[in-house]
Amino acid sequence: MQFEGIYTPLVTPYHDDFSVNEEALAQTVEQLIAAGVHGIIVAGSTGEYYAQTEEERLWMMKRCFELIAGRVPMIVGTGAIRTEDSVRFAEAAKAVGADALLVATPPYAYPTGREIALHALAIDRAANLPVMLYNYPGRMSVNMDEETLDRLGRSPNFCAIKESSGDVNRLHMLARDYPHIALSCGMDDQALEFFAWGARSWVCAGSNFAPEAHIALYQACAVEGDFTKGRAIMSAMLPLMSVLEQGGKFVQCIKYGLTLRGIDAGPPRRPLQPLNKDDKRQLAEVIRTMNTTISRITGDAA
């Protein structure tokens, strides 16, 4: 499988009682597909998989597969501490009809490179689906190092990596030494650099509420090869990225951004708390300014 374009890690909209808002979920999927995203990821951290029961995660796989209806690829996250749990989610994803898996380092366990590889290979044996690896040491405390990547090279299913380390030297290493593993941007403020180094996809939570802006950057850099235009778009997006990352309110910002577009994504599940009024006001203003600026750059109506 070739990962190409903008992949949205889907939020899970909730009612105030934290039950899933099925209507808002359907509206979100329709909005994303209509906007032109290239794939949807279910059970990523933006979808708050860590705060869901196993039954809820299985239900989300099935319902999202029905809603997407084959119009774009569906990738399912297998995140869990225990390998056995990740394997079970991978098998369920294949049974539902998922196109690919997102495989991250098990959190909290602090595995070695060899142990990460064995974890991923167990998932691969169970599901035999294309895999996008997910390297995020800021959350997992460890990198998918060269030992991990070398061991995973034994299976052609490991065909991409969402790189979220923020380390530009790793970006260079992956592009140079592992060309068979496609680069996917997982560090939003480095998207321009990823595209310059040959990335063909971007997994971006902000595309839940601003798919047009993210697609515009991908189009300028990866499709048109116009990095002058890309720099202008990236410059317009950087204030949003700063707001999303400040104060540990990432998921809350993504959900409120979607609410600003008329789809009530509801609160995050505990222990996270919703944004306060000042945070909401700041986010709304940053999004407005970004959209106006990018519309001027691309010539599209605001």
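In plain terms, the two heavy atoms of A35 and E212 that are nearest each other are CB-OE2, 4.1 Å. The two atoms that bring T12 and E48 nearest to each other are O-OE2, 4.0 Å, heavy atoms only. Nearest approach of P179 to R176, heavy atoms of both residues: CD-O, 3.9 Å. Of all the heavy atoms in V243 and L283, the pair that sits closest is CG1-CD1, 4.0 Å. Listed here is the closest heavy atom pair of P73 and H38: CD-O, 3.1 Å. Residues L238 and D189 share a closest heavy-atom pair of CD2-CB, 4.0 Å.
The aromatic rings of F195 and W202 sit perpendicular to each other, their planes meeting at more than 60°, with 30° as the lower class boundary. Below 30°, between 30° and 60°, or above 60°: for H180 and Y178 the angle between ring planes is between 30° and 60°, a tilted geometry.
Between the side chains of D124 and S155, at least one donor N or O sits under 3.5 Å from an acceptor N or O.
Under the 4.5 Å side-chain heavy-atom criterion for Ile, Leu, Val, Met, Phe, Trp and Tyr, M237 and F227 are members of the same hydrophobic cluster. Following chains of ILVMFWY side-chain contacts shorter than 4.5 Å, one cannot reach L32 starting from M132, and the two form parts of different hydrophobic clusters.
With sequence neighbours left out, the side-chain contact (heavy atoms from CB on, under 4.5 Å) criterion links E4 to R200, Y218.
Salt-bridge check for R231 with E193: failed, with every basic side-chain N at 4.0 Å or more from each acidic carboxylate O. A salt bridge does not link K280 to E285: none of the charged nitrogens lies less than 4.0 Å from a carboxylate oxygen. Classification of D226 and K229 as a salt-bridged pair fails, no side-chain N sitting under 4.0 Å from a carboxylate O. The residues E54 and R57 are annotated as not salt-bridged, no charged nitrogen and carboxylate oxygen being separated by less than 4.0 angstrom. Salt-bridge formation is not detected for the pair R151/E146: no Lys NZ or Arg NE/NH1/NH2 atom is positioned less than 4.0 Å from an Asp or Glu carboxylate oxygen.
Between M60 and the choices L25, V96, V76, the side chain to side chain contact (heavy atoms under 4.5 Å, CB included) rule is met once, by L25.
Among pairs with a residue in residues 55-105, none fulfils ring-ring contact (aromatic ring centres under 6.0 Å, His included), at least two apart in sequence or across chains.
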Worksheet item: Between Q282 and Q246, does a side chain to side chain donor-acceptor pair (under 3.5 Å) hold up when you go through it step by step?
Response: CA-CA 12 Å; Q282 181 187 20; Q246 70 183 13; 3.2 Å; yes
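Atom CG in L118 sits 11.5 Å away from atom CD1 in I123 (nearest 0.5 Å).
Looking at N135, its side chain does come within 3.5 Å of a backbone N or O of M144 through a donor-acceptor pair.
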